[in-house]
Each structure stands twice: as structure tokens, then as C-alpha cells.
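Below: the structure, in C-alpha cells.
Just so it is clear, the values below take in all heavy atoms, side chains as well, and ignore hydrogens, waters and symmetry mates. Here, residue 1 is the first one in the sequence, and each next residue gets the next number. All ligand and atom numbering here is 1-based and tracks the order in the structure.
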Amino acid sequence: MSTQTAPLAFSVTEATRLPVAERDAILQSPGFGDHFTDHMVSIDWSITEGWHNAEVIPYGPLQLDPASSVLHYGQEIFEGLKAYRHADGSVWTFRPEENGKRLNESAKRIALPELPVETFVEALRQLLAVDADWVPSGEDSSLYLRPFMIANENFLGVRSAHKARFLIIASPAGPYFTGGVKPVSIWLSTEYSRAGHGGTGEAKCGGNYASSLLPQNEAAANGCQQVLFLDAKTEDTIDELGGMNLFLVADAGKTLITPALNGNILHGITRASLIQLAKNRGMAVEERAVTVSEWREGAASGRITEAFACGTAAVITPIGALKSPDFTIEMGTEPGEVTLSLRAELTGMQTGVVADENGWMLQLTEAK
Ligand code: PLP
Ligand code: COI
């Protein structure tokens with residue numbers, strides 16, 4: 001649906017910036033998703049003009065007509081990636097083209113326009129050109145980048161909108177889970193599904209997350225930090241967590257097992273990268289149907305020794321326990337060896353202390 005042919009030129013409107021002392025105080029202890037940088041990217045789309053009006057503007061509230069289609073039928077998609085500060089002061093990001101491609105896969109499913117991947121990457125560059133001082137340098141911190149697209153036509157008929165808007169906001173981030181790399185507990189959702197055959201499970205659309213919030217509240221009420229969703233048909237095969245993919249480590253650390261992409265699971269970029277890193281190490285990687293029964297039996301027999309969640313926000317987070325109304329699988333109170341070593345390799349690459357042999361890093365700003 002994109003009609004853009006020539007590269008878009010961005011206009012830049014300087015914001016009144018947050019005073020340096022206040023910004024530095026935020027960067028010392030950023031939390032996750034609580035604070036936002038001085039600027040944002042905005043690009044408009046219409047069915048007649050294609051993509052136009054590419055701007056970097058001061059961060060601030062959007063003015064939406066109450067009839068804007070996103071407010072009624074939830075036609076919205078988003079992405080998540082991070083910018084990392086390297087020791088020489090330069091800022092880098094990780095596989096941004098993959099996020100651009102996935103945005104377009106989501107756009108197709110939700111009937112939104114596709115954005116050229118070059119424009120997606122250029123938009124990130126433009127934002128970092130003005131807001132690079134917001135990239136923290138502390139351990140386990142980064143600038144979380146949130147590109148998203150909303151349908152924005154003032155019309156109540158139920159059809160795909162003829163106007164849309166793409167935006168990128170940025171938020172300095174520490175670990176997603178408080179407590180750093182400590183194992184988290186996850187709750188097995190037995191009552192609610194995240195996705196079904198032919199649904200939107202593979203798309204990164206807001207609606208998937210809206211439907212995960214009730215089970216997420218159930219998880220919290222049971223002392224868990226995330227929800228694990230099962231395949232709606234079998235009710236035993238594992239899909240993924242509310243906001244992360246899942247891996248199991250088996251055979252004395254020699255095998256990595258993860259649910260195969262079955263049409264319901266988000267194609268995680270961290271997931272794909274870890275599969276590659278594990279293969280590079282000579283590990284066997286099994287992408288296939290994985291059941292809770294297999295996990296239960298494997299943990300009991302000692303074949304499955306580690307479990308972890310992965311994603312941009314979560315990085316690699318060890319799973320200490322899977323809890324359900326009927327049973328608990330205990331995986332231990334300390335992170336596993338393979339979990340920690342894959343995490344060190346991935347984050348080392350992202351922060352520039354491990355060689356980027358796969359060519360995954362893209363430099364966004366110069367050293368300083
Ligand atoms: N699965 C879901 C539902 C997610 O929201 C995310 C996070 O983006 C992931 C998996 C992991 O994807 P990625 O590694 O690309 O961040
Ligand atoms: C991400 O990791 O980018 C996500 O969108 C997941 C969410 C839990 C913040």
C-alpha cells in the first residue's frame with residue numbers, strides 16, 4: 001500500500017530540552033518506559049499522497065480527533081529496539097532492518113500501509129541525531145526505541161483507514177524486570193489464549209497486548225512476572241510469553257529448544273539471533289512443537305536444566321519457575337550457565353565489547 005518512491009526528507013523542529021542535570025538524574029536510574037526524550041519522529045500517510053510530512057518534532061501529546069479510527073477499531077502496530085552507547089561514546093543499534101521488515105509484516109496483517117525499510121532506519125538516525133545524549137551508558141541500560149503506526153482517519157465505518165501516522169518515541173531504559181538477571185516466575189495461562197489459527201499472533205499489534213493484560217494481572221496475583229500462553233488448539237503446546245519468546249536448555253547444555261514459528265508466535269529478533277549464536281557455538285537447536293508435559297518431564301528427569309525468556313525489553317531473562325493452578329516446575333533460583341553465557345555474548349555484541357561477527361550492529365552516531 002506504500003506509494004512512496006523517492007526518499008523522504010525530514011524537517012527538524014528543535015524542542016526546549018530538559019535541563020542537563022534533570023536528564024542525567026533520569027539516566028542514572030531510568031527504569032523502563034517511564035521517561036521520554038526531547039523529540040519524536042512523525043510521518044503521515046494517506047491513500048492519495050502515500051508517505052509524506054516526515055518530521056522530527058518536540059516530544060508531546062498528539063492531537064487526535066475523537067473519531068480517529070485507531071481509537072475505535074484498534075488499528076495499531078508497533079516495534080521495539082534499542083540504541084546502545086559504546087565506550088567511545090558512539091551510539092549503535094541492533095538489526096534495525098529486521099524491525100523495519102517485521103513492522104511491514106504487521107502492517108500487512110492489520111491493513112496498514114507498509115513503510116520502506118530505508119525510511120524506517122533513516123527515521124531512527126534522525127531521532128538519534130538530536131537525542132543521542134539520552135542514551136545511557138550504565139550497565140544493562142540503553143535507549144529503548146518505540147516505532148509505532150496508528151490508523152488516523154476520522155471515520156467510523158469499519159474498513160481499513162485511508163490515513164495513518166507513523167511515529168517513533170524513545171525512552172531511556174534499565175532492566176525490564178527489577179532485580180536484574182535474577183530468575184523470574186511465569187504463570188501458565190490455562191483459561192486465556194493469546195492467538196489462534198488465522199489470528200493476529202504473528203503481528204506486533206496493540207490488540208495482542210490488550211488481550212494479554214487480564215492474564216498478566218492473574219500472573220501478578222499469583223506472584224509471577226509474565227504469562228505463558230499455550231496453543232489454543234492443543235492446550236499443551238507452548239506458544240510464547242505475553243511479551244517474550246521462550247527457550248529451554250537440554251542435554252547438559254548441548255541443546256537449545258524453542259517453539260517453532262507456527263503462525264501464532266511473534267518472530268522475535270532476539271530469538272532468531274540466539275538461534276544463530278547457539279548454532280555458531282555448535283549447539284543443536286530444535287525449533288519444533290514443545291509441550292508443557294515435555295518441560296515438566298524433562299525438568300523432573302534432569303534433561304531440561306534451564307529455561308529463559310528473550311526479547312528486546314527482556315534481553316535474556318532466566319525463568320526460575322513455571323506456575324499453574326495444578327503444578328509448579330522449579331528451575332532453580334540462580335541463572336543457568338548457558339543462559340548467562342548467551343546473554344553475555346549477545347549484550348557484549350550490542351555494547352561493543354564482543355566482536356560483531358554477524359554484522360548485526362548499525363552505527364547511528366559518531367564517537368565523541
Ligand atoms: N514475543 C512477543 C509477544 C513480544 O512482544 C516480543 C517483544 O518484542 C518478543 C516476542 C521478542 O521479540 P524481539 O526479540 O524482536 O524483541
Ligand atoms: C519489546 O521487547 O520490545 C516488547 O515490545 C515487549 C514488551 C514487554 C515491552
Side-chain angles (χ1 to χ4, degrees), residues 30-34 36 76-84 93-106 109-110 120 124 140 142-149 168-178 184 186-187 189 192-196 199-213 215-217 219-220 224-231 238-247 258-278 287 308-317 319 342-343 346-347 349-350 360:
F32 186 91
D34 292 331
F36 300 93
E76 188 268 355
I77 56 175
F78 68 97
E79 271 302 322
L81 68 167
K82 284 175 170 172
Y84 307 87
T93 189
F94 184 71
R95 309 189 77 180
E97 296 87 0
E98 298 305 310
N99 294 89
K101 287 187 217 157
R102 188 171 65 186
L103 180 84
N104 286 340
E105 290 307 313
S106 301
R109 180 63 183 85
I110 306 299
F120 179 89
L124 297 171
D140 293 333
S142 58
L143 183 67
Y144 183 77
L145 303 165
R146 170 55 63 86
F148 61 107
M149 197 192 297
I168 308 178
I169 56 174
S171 173
Y176 186 76
F177 295 110
T178 49
V184 295
I186 59 176
W187 176 251
S189 181
Y192 305 104
S193 299
R194 177 183 177 278
T200 57
E202 249 180 20
K204 202 159 167 62
C205 60
N208 287 344
Y209 298 79
S211 73
S212 77
L213 298 178
Q216 178 66 37
N217 286 349
C224 296
Q225 289 89 340
Q226 268 283 301
V227 199
L228 178 67
F229 289 105
L230 299 177
D231 172 272
I238 294 169
D239 271 349
E240 61 175 326
L241 305 175
M244 291 141 218
N245 293 116
L246 178 105
F247 278 90
T258 194
L261 300 174
N262 60 4
N264 299 333
I265 299 175
L266 193 78
H267 293 209
I269 295 159
T270 317
R271 174 189 180 281
S273 308
L274 291 176
I275 288 173
Q276 188 59 50
L277 293 183
E287 287 181 78
F308 63 84
C310 74
T312 299
V315 192
I316 295 179
T317 301
I319 294 172
L342 283 170
R343 189 179 195 282
L346 180 71
T347 57
M349 215 175 272
Q350 291 167 333
W360 285 340

Assess whether side-chain contact (heavy atoms from CB on, under 4.5 Å) is satisfied between Y84 and T347, documenting all intermediate values. CA-CA 10 Å; Y84 307 87; T347 57; over 6 Å; no
Given E98 and K101, is the salt bridge (Lys or Arg N to Asp or Glu O under 4.0 Å) satisfied, shown in steps? CA-CA 5 Å; E98 298 305 310; K101 287 187 217 157; 3.1 Å; yes
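Among protein heavy atoms, atom 5 (O) of ligand 1 sits closest to Y209 OH, 2.5 Å. For atom 5 (O) of ligand 2, the nearest non-hydrogen atom of the protein is K204 NZ, 2.8 Å. Ranking the protein heavy atoms by distance from atom 2 (O) of ligand 2 puts A313 N, 2.8 Å first. The nearest heavy-atom contact from the protein to atom 6 (C) of ligand 1 is G243 O, 3.2 Å. The single protein non-hydrogen atom nearest to atom 16 (O) of ligand 1 is T312 OG1, 2.6 Å, given as residue, atom name and distance. Atom 13 (P) of ligand 1 has I269 N, 3.5 Å as its closest protein atom, hydrogens excluded (heavy atom only). The protein atom (non-hydrogen) at minimum distance from atom 12 (O) of ligand 1 is G268 CA, 3.4 Å. Counting protein heavy atoms only, atom 6 (C) of ligand 2 is closest to G243 O, 3.6 Å. In terms of protein heavy-atom proximity, atom 14 (O) of ligand 1 is closest to T270 OG1, 2.5 Å.
For ligand 1 and G311, the ligand atoms under 4.0 Å from any heavy atom of the residue are 11 (C), 14 (O), 16 (O). The ligand atoms of ligand 2 that sit less than 4.0 angstrom from a heavy atom of G80 are 3 (O). Proximity to G242 (heavy-atom distance under 4.0 Å) selects the following atoms of ligand 1: 3 (C). Of all atoms in ligand 1, listed by their number and element, those nearer than 4.0 Å to a heavy atom of R102 are 12 (O), 13 (P), 15 (O). Residue T312 approaches ligand 2 through these ligand atoms, each under 4.0 Å from one of its heavy atoms: 2 (O), 3 (O).
When side chains are defined from C-beta on, F36 does not count as touching P172, because their heavy atoms never get closer than 4.5 Å. Side chains of T312 and E79 form no contact here, defined as non-hydrogen atoms less than 4.5 Å apart. Within the 4.5 Å cutoff, the side chain of Q216 has no heavy atoms near those of the W187 side chain. Residues E202 and N264 have side chains not in contact (no heavy-atom distance under 4.5 Å, counting atoms from C-beta outward). T317 is not listed as a side-chain neighbour of Q225, based on a closest heavy-atom distance of 4.5 Å or more. Looking at F78 and Y209, their side chains come closer than 4.5 Å, going by heavy atoms from C-beta outward.
One option in K204, E240, M244, R271 has a heavy atom closer to atom 7 (C) of ligand 1 than any other, and that option is K204. Between the choices Y144, F78, Y176, F32, the shortest heavy-atom distance to atom 8 (C) of ligand 2 belongs to Y176.
At least one heavy atom of R146 sits closer than 4.0 Å to an atom of ligand 2.
For the pair T93 (side chain) and K82 (backbone), a donor-acceptor distance under 3.5 Å is present. Remark: side-chain polar atoms of N208 are paired, donor with acceptor, to backbone N or O of T200 under 3.5 angstrom. Side chain of T258 to backbone of E287: no donor-acceptor contact under 3.5 angstrom is found.
Only side-chain heavy atoms of R194 come within less than 4.0 Å of ligand 1; its backbone N, CA, C and O stay farther off. Under 4.0 Å from ligand 1, heavy atoms of N245 appear from its side chain as well as its backbone.
Defined by atom type and a distance below 3.5 Å, a donor-acceptor pair is missing between the side-chain atoms of R194 and S212.
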